[in-house]
Amino acid sequence: MSQNNKAKLCVSNLDLFYGDNQALKNINMNIKRNKVTALIGPSGCGKSTFLRTLNRMNDLIENVKIKGQIEVDGENIYNTEDVIKLRTKVGMVFQKPNLFPMSIYDNVAYGPRTHGTKDKKELDKIVEESLKGAAIWEEVKDRLKSSALGLSGGQQQRICIARAIAMKPEVILMDEPTSALDPISTLKVEELIQELKDDYTIVIVTHNMQQAARVSDDTAFFLNGELVEYKETKIMFTNPEDKRTEDYITGRFG
Amino acid sequence: MSQNNKAKLCVSNLDLFYGDNQALKNINMNIKRNKVTALIGPSGCGKSTFLRTLNRMNDLIENVKIKGQIEVDGENIYNTEDVIKLRTKVGMVFQKPNLFPMSIYDNVAYGPRTHGTKDKKELDKIVEESLKGAAIWEEVKDRLKSSALGLSGGQQQRICIARAIAMKPEVILMDEPTSALDPISTLKVEELIQELKDDYTIVIVTHNMQQAARVSDDTAFFLNGELVEYKETKIMFTNPEDKRTEDYITGRFG
Amino acid sequence: MGSNDLELSIDTLKQYTIRMIEKCEDAVKESISCMIKKDLDGAMKVIEKDDEIDVLREYIRDRSIELIALKQPMAKDLRYIYALGNIAIELERIGDYAVNISKETIKIGEDEYIKELIDVPKMSKECVEMLCDVKIALLEEDEKLAYNIALRDKKIDELYVMVHDDCLKIMNEKPKTINQGVRLLSVGRYLERIGDHITNVCEKIIYAINGEMIEIG
Amino acid sequence: MGSNDLELSIDTLKQYTIRMIEKCEDAVKESISCMIKKDLDGAMKVIEKDDEIDVLREYIRDRSIELIALKQPMAKDLRYIYALGNIAIELERIGDYAVNISKETIKIGEDEYIKELIDVPKMSKECVEMLCDVKIALLEEDEKLAYNIALRDKKIDELYVMVHDDCLKIMNEKPKTINQGVRLLSVGRYLERIGDHITNVCEKIIYAINGEMIEIG
Amino acid sequence: GSNSSDSSNGGKVTVSGSTSVGPVIEICAEKFKEANKDISIEVQQVGSSAGIKNTIEGTSEIGMASRDLKDEEKKAGLKETEVALDGIALITNKSNKVKNLTINQVKDIYKGKITNWKEVGGKDTPIVVVSREDGSGTRDGFQEKVGFKSEELVKEAQISDGSGNIKTIVEGNENAMGYISFGYVDKSVNSLAIDNVEPTAENVKAGKYVIARPFILVNKEGTLSKQGKSFIDFILSDEGQKIVKSKGFISIK
Amino acid sequence: MRKLKENILKLLVYLSVLFTISTLVLIVGYIFIKGIKGINLSFLFSDYSASGDGGILPMIITTLYTVALSILIATPIGVLSAIYLQEYAKKGKIVTCIRFATESLAGIPSIIYGLFGGIFFVVTLGMKYSILSGSLTVAIIILPVIIRTTEEALKTVPQAYREASLALGSTKFQTLYKVTLPSAIPGILSGIILSVGRVIGESAAILLTAGTVAQMPGGIFDSARTLTVHAYLLTKENGDIQGAASIGIVLIVIVLLLNTMARLVAKKLNKANC
Amino acid sequence: MLVKSRLVGTKHRDNNNNNKNKYVIEKLAKNIFMISAFISVISLLLIIGFVFYKGLTPFVLKGYSFIDFLAGTEWVPSADKFGILSMITASIISTLGALIIGVPVGILTAAFISEIAPKQVAKIMSPAVELLAGIPSVLYGVFGLSFLVPNIQKIFNLPKGQSLITIIIVLAIMMLPTIISVAETAIRAVPNAYKEGSLALGASKIETIFKVVLPSAKSGILAAVILGVGRALGETMAVILVAGNSPIMPTSLTDSVRPLTTNIAIEMGYAFGTHQEMLFTTGVVLFTFILILNLVLNKLSSKAVD
Ligand SMILES: Nc1ncnc2c1ncn2[C@@H]1O[C@H](COP(=O)(O)OP(=O)(O)OP(=O)(O)O)[C@@H](O)[C@H]1O
Ligand SMILES: Nc1ncnc2c1ncn2[C@@H]1O[C@H](COP(=O)(O)OP(=O)(O)OP(=O)(O)O)[C@@H](O)[C@H]1O
Ligand SMILES: [Mg+2]
Ligand SMILES: [Mg+2]
Ligand SMILES: O=P([O-])([O-])[O-]
């Protein structure tokens, strides 16, 4: 397959159907390594669906039919049987902070433990590194053993990110990661996303154009399952090419 | 009481306690007639609490103690026994569209019916007018009898507004009315709010500073139960006086 | 509100800009015609009227900042607001030059002109016509037109060279004319600058329309 | 990112603005010193170097639009971005005037000056000093300083009047000097304009700091 | 399943059937076990028919019935052993003045021909007839001796599925009349004389009190275990018959 | 007018509440008044005697046996089925079918279970009247209860937990035992406790399957009599209302204990979870 | 501001572990779960099989008429007369009667507990209702027989207290806890937002309950009612003691009747042969009622979801 050297994820000719209903139409998109790529578009345009194809979370839904190719580092993810490996490589953070009802420590250690890391010291190290990576270490280091659900929304979401990081993934997918947070927590998570891009390739779905503008390097605009426009964020928001993009981002849509 | 001629609601020296915890501290605020007043501030600063004192929805919560005065058109609302009358005069729209699981028609007719309007023709008229007032008539006029829950979030929220309007209130309180909506629905509701201010005095709580900036004439910034700054929106967002306001609206807070 | 209101406001800004352009047209036209007619009172009026242009500029500046703060414009909306803010600065400058021309008129006073004013009115006419077209370009979002208007600045530059050379020639021939010559030179210079500013306005219009910032001429 | 990044970017814009001011300082200083020293090559260089100023202006303009589009700045942040965008326009103009001065230098060429250049260097010195102080005012958000700098424009205006009168006197006395006199006049005029633009820059700095748009002088 | 049949050979005798017979057999079992500690005896009170059915199906070793075997049942190869006689007493509420009825009056009452106490010398109140359920041994015996058939039973009759229930009903309702086995009669109700014959064991034994029936134990021909046999023998022994007597039934001896 | 209507409605509500409370007080009070005389240590803890003045110890033991056995049988099956239905099964005919089956089972009157158990376990499988037959029968009775409550408990586990776990590269099974089940435990437990109550209260089905032998059971293959069946037989055969009421008190106390336990367990686990 | 204290060098995980085992366990677990699930299906099939096999034998093999069975009003097993119309009628009337009392009382009590009662009161009432649900039905029967029956006889001045009305009262009491607790859950599940919405429109608390809360909870309440119906229709032990059990067509509420369930329970011990099979047939009829009820519930609840 032709492969962009800089691209971490190559999506070609992707079609996705829920039953007979086509939710994604011939998507072609190369997502750049160590960049933040934002997916924007009106509700129901397929952002989440697209995001979830990238780590095959759509497998959980019945009646989904997928055509086309998605390559991570040149390897077609729908050719492998080993979804576990894929999901380890492509982590995900969800709209609502969805920490398990366990201690902070156990939450972050969940992934490594699942994958067989048993050694206490190693786990300690992973947990610490991940929490530091998610810029939340200082805030929680003194209460790693207390329940994670006692934290504020923004802290929880950063722990979710730490939990994802603990798997040492290469790509982190985020589906509206701040839509359940207040503005201040949102800001913190946005700052974190910016920091993370040095080490990870990040794809983020957001309803909030301002957020896309703030955090992303590239932005993709979806509409009715189509990828309408995909380019550098700063160009996208100052000078989009497609009339529909223009209308959407200036609030003239619909 | 000294009363600003233009003020619809006069709040003076308002303190509110939840048990021993003071949630509002000496609030003084004159809310102008036929203007949109936005309340902004970080989570937990008391915006919702303040809003809910204005139509005594806090009465429902146990252990609430209120000091100070709130006057609507010069009448102290905590002196009257007739909460029902107050709530008829001061309508409310909530964060999530909370339509009753009835038909669109019945939802809008709920208020008038509760207050004794039985006449079919009169109800029809009220419903139509209210739906028109909420800029949703065209979208629903052909399915007034179908369930209100089949509508999109934005439509539902506008019907909530219609339902409030049907009571012919003078003041409409809105607590984060668009935070559960997608951007396009949000836009529609915002447009509506702008239209409504010709006839109503509107107070809106929002987490979204951009929204406050977009829709309001005046903005009040709350912090830790205090009213930090309260002035014309355009001045607030271009040249706030208080350092804390400045920090909050420029995202440097916390 | 929302998009609607924003558009309204951008439209308002545009309307004000158009009004400003009109005022600049008038100012330029009047300043030169007063000069020709030696209408010192008229010149005085031009100077006074510049205040109106300044007020408009302030209004547009304030509105555009407000708009940016309150409506979070993006893409074209943003470009328009930004461009109109800058256009207002250019126009204000044009107004200032008209004032400067009128000031020279007053300083020349009742002295007879050292030469027949031929090129200066031509320049002024060209400027006024350009401004008039700028309005159309702005209203109809016509980037081609804007570009073509900007190109017409060349003609003004040529005329200025002629004015400059003529004046110097006359001054050299008749040293007595120096005082007035210098003033006429300045007037020519001012008109040339007005042309430049109109070009800038055109550039900004093009930017607002398609997001490309080009330098014309 | 978030506030952090925004600050970074506003800081970057400021840095670029400072650099632009420095370049303007140099340009003004150089253009006059070349004029005095009749260093035509130097003058040529000043003209060439103006490109750098233009590039910076473009950079600041583009960044400020981007910042507005991408970061939704409010309050002071917004005022700063808007002001820096406008300051860049003013600075570019200052650069242009330096170019114009250098062009006059070149046109005067090897001719001996019709008078000793006394006031022009003074004006230039004043401008350069003002620009230097502007940097401080900008960096330290010192609105008082900015205001005081703007007030110093008066001195430049006074010097210009002197230059103007001197030149006219000489030209009237020695008609041969007309050609050069006109040029010297222009140079004075340019420096006066530079002073005006610096004033504008100061106004904008004050606006950025406290949100008040005042007209100084 | 095979386990339990093993154990029944080992030392367990399963007995099931009539709820009238049950209580007395239970006591016998208790006494029997005192002497034969290694043998356990399970007594199920599930009704005569169910007991017989269980015995036929092998679910129980011994069945108890408070009535004679039906022909169909006999055909299944059952051997019956009469272990006691039981009188069936007609009972009325304590407050009821009627103390004696003729057998024909009883019949007419149960057939619904007499519906008011006044017709038999009592107060002017309706008679509430209480009967056991169809299939009950007590009912079978009662109907046979009184002389009417199931379908002739007055339709409005209260049907109750246990002697205790009948007693409770009669105890709580002054209009009620019911019948229960002698073994359940106590002071809480009146028991009526029939044709002036008091309902006593002696009168039954003497054949004067006619409403009576036998208590029988059945077992499948040839399958009775040693323990089972010794249990039946115990019941038939003097000690066993004493228990029978002590519970108000009539010894066959 | 509006006030009047409101007052009438209010009155209706209060009448209803009065009715409910008074029936509760009446029933419980009646049973206590009738039965309290019979309650004493020897009643509770001595062996039953057919000849009178025995205790109810064998019935208590039998009840415990039945509860333990039926719960042991039904819980794993119920919980595992619920897991299948909720976590694994694809929506389709089979699931609809299973769900319908469980729902139907839940609705069947226990007398029908009795009929079934009485033939199937007692006769066909040759288990005779035994605690085992009885327990198997009640196990089927409580199966739907356990399935239902477990399903509900699983449903209340936020989908987000599962997605989070899967997205971390866990398998479904890992997700299940590390995240989903622990979160569902309080719900499952309260379902089990509910079932215990159901088993204890069951009479018709047990009567027809476990028999009525009033003896200390030697094992699960013996027939025996549970407390409820005993209460029933006392009423039916002896008209011994007082004895039944005494057992009633015991049963009510057990039910109360179970309910309190359920509450405590749910509360505790909830706390531990949050 | 975030504290940036990240360790340097984030290495990405090499995933060379073999995940094969995990997939095997995964499959195995799934199959075990599936088998468990089928046990309930098998149970149901067995029950249906046995009950229907037994119950239909007389009609298939012995030539009895099912129509006569359903339409017959005479039940004299020893005379070979099997008609259960009166029992069907009795079951239906007693269930309906119990519903008429139990449903409104139950729903209003539930509304009281969840909406009106102060927290403390609700805290006591909920477990009390649960207790009511936990009392074995035999005890209801004992209570009914020894308390209700004599009192009803007295109050209504009847020859006997065993009657439809007694059954109805006992069943109504017995279905109360079911209805209350299910309806309470349903009412509690009504989003607070509805209540606030209504109150904010100037409605009073009672108006809110009757106009918004109860209608919103209607699908849950319906489920409560249907569960209550199931309980009433299937109740045996309590009814047996208070019904009087005369197999006659009821003509008034004071008649003794024999509902379907008691017919089975009362005679099962003594029945054999055709008689026994006919009792199974009674079970089949009962069963069919319950299944129909279930289907209706399913339909209704799926409708309510829409
Ligand atoms: N599980 C599903 N089954 C069937 N259709 C689905 C499913 N999930 C999503 N869809 C449909 O696919 C389309 C895309 O949905 P998707 O959730 O990807 O949109 P989205 O862009 O994420 O919207 P939002 O911003 O509201 O989250 C929608 O039309 C939606 O109705
Ligand atoms: N019912 C209550 N009982 C006790 N404390 C309460 C209650 N409701 C709110 N509070 C407290 O009062 C303070 C103000 O809460 P309020 O809900 O008004 O904040 P808010 O500004 O609306 O926040 P948000 O933006 O998160 O909605 C908070 O500290 C909160 O914890
Ligand atoms: Mg989505
Ligand atoms: Mg709030
Ligand atoms: O229970 P019985 O068979 O003896 O009536």
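Just so it is clear, the structure is predicted and the values come from calculations on it, not from any experiment. Residue numbers begin at 1 in each chain, while the letters A, B, ... track the order of the sequences.
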Scanning both residues in full, the closest heavy-atom pair of G/Ser246 with E/Gln158 reads OG-NE2, 3.7 Å

To the nearest 0.5 Å, how far apart are CG in E/Asp161 and CG in G/Leu241? 7.5 Å

Does atom NZ (G/Lys62) have a neighbourhood of more than 12 heavy atoms from anything else shown, all under 6.0 Å? yes

Under 4.5 Å, heavy atom to heavy atom: which of residues 70-82 of chain G reach chain E? Give them by number, or say none. G/Glu74, G/Val76, G/Pro77, G/Ser78, G/Ala79, G/Lys81

How many angstroms lie between CD1 in G/Ile266 and OG in E/Ser160, if you round to the nearest 0.5 Å? 6.0 Å

Less than 4.5 Å to any heavy atom of chain G: does that hold for the side chain of E/Asn173, its backbone, both, or neither? both

Please state whether the side chain, the backbone, both or neither of G/Leu145 comes within less than 4.5 Å of a heavy atom of chain E. side chain

Using non-hydrogen atoms only, which part of E/Lys53 is less than 4.5 Å away from chain G: side chain, backbone, both, or neither? side chain

Should we count NZ of E/Lys99 as having more than 12 external heavy atoms under 6.0 Å? yes

Chain E contact residues among residues 254-264 of chain G, heavy-atom distance under 4.5 Å: G/Ser256, G/Arg258

Pairwise distance OG(E/Ser49) to CD(G/Gln276) - rounded to 0.5 angstrom: 9.5 Å

Sort E/Thr125 into side chain, backbone, both or neither according to what part of it lies under 4.5 angstrom from a heavy atom of chain G. neither

E/Lys94 NZ: over 12 foreign heavy atoms closer than 6.0 Å: yes

Per-residue contact mode, E/Glu171 against chain G (heavy atom under 4.5 angstrom): neither

G/Phe66 atom CZ, neighbour heavy-atom count above 12 within 6.0 Å: yes

Checking side-chain hydrogen bond (donor to acceptor under 3.5 Å, both in side chains) for the pair E/Glu133/G/Asn245: CA distance, chi angles, key distance, verdict? CA-CA 9 Å; E/Glu133 67 281 13; G/Asn245 300 316; over 6 Å; no

E/Ala157 versus chain G, heavy atoms under 4.5 Å apart: side chain, backbone, both or neither? backbone

Between chain G and each of E/Asn175, E/Val130, E/Val128, E/Asp134, count heavy-atom pairs under 4.5 Å; write down the option with the most. E/Asp134

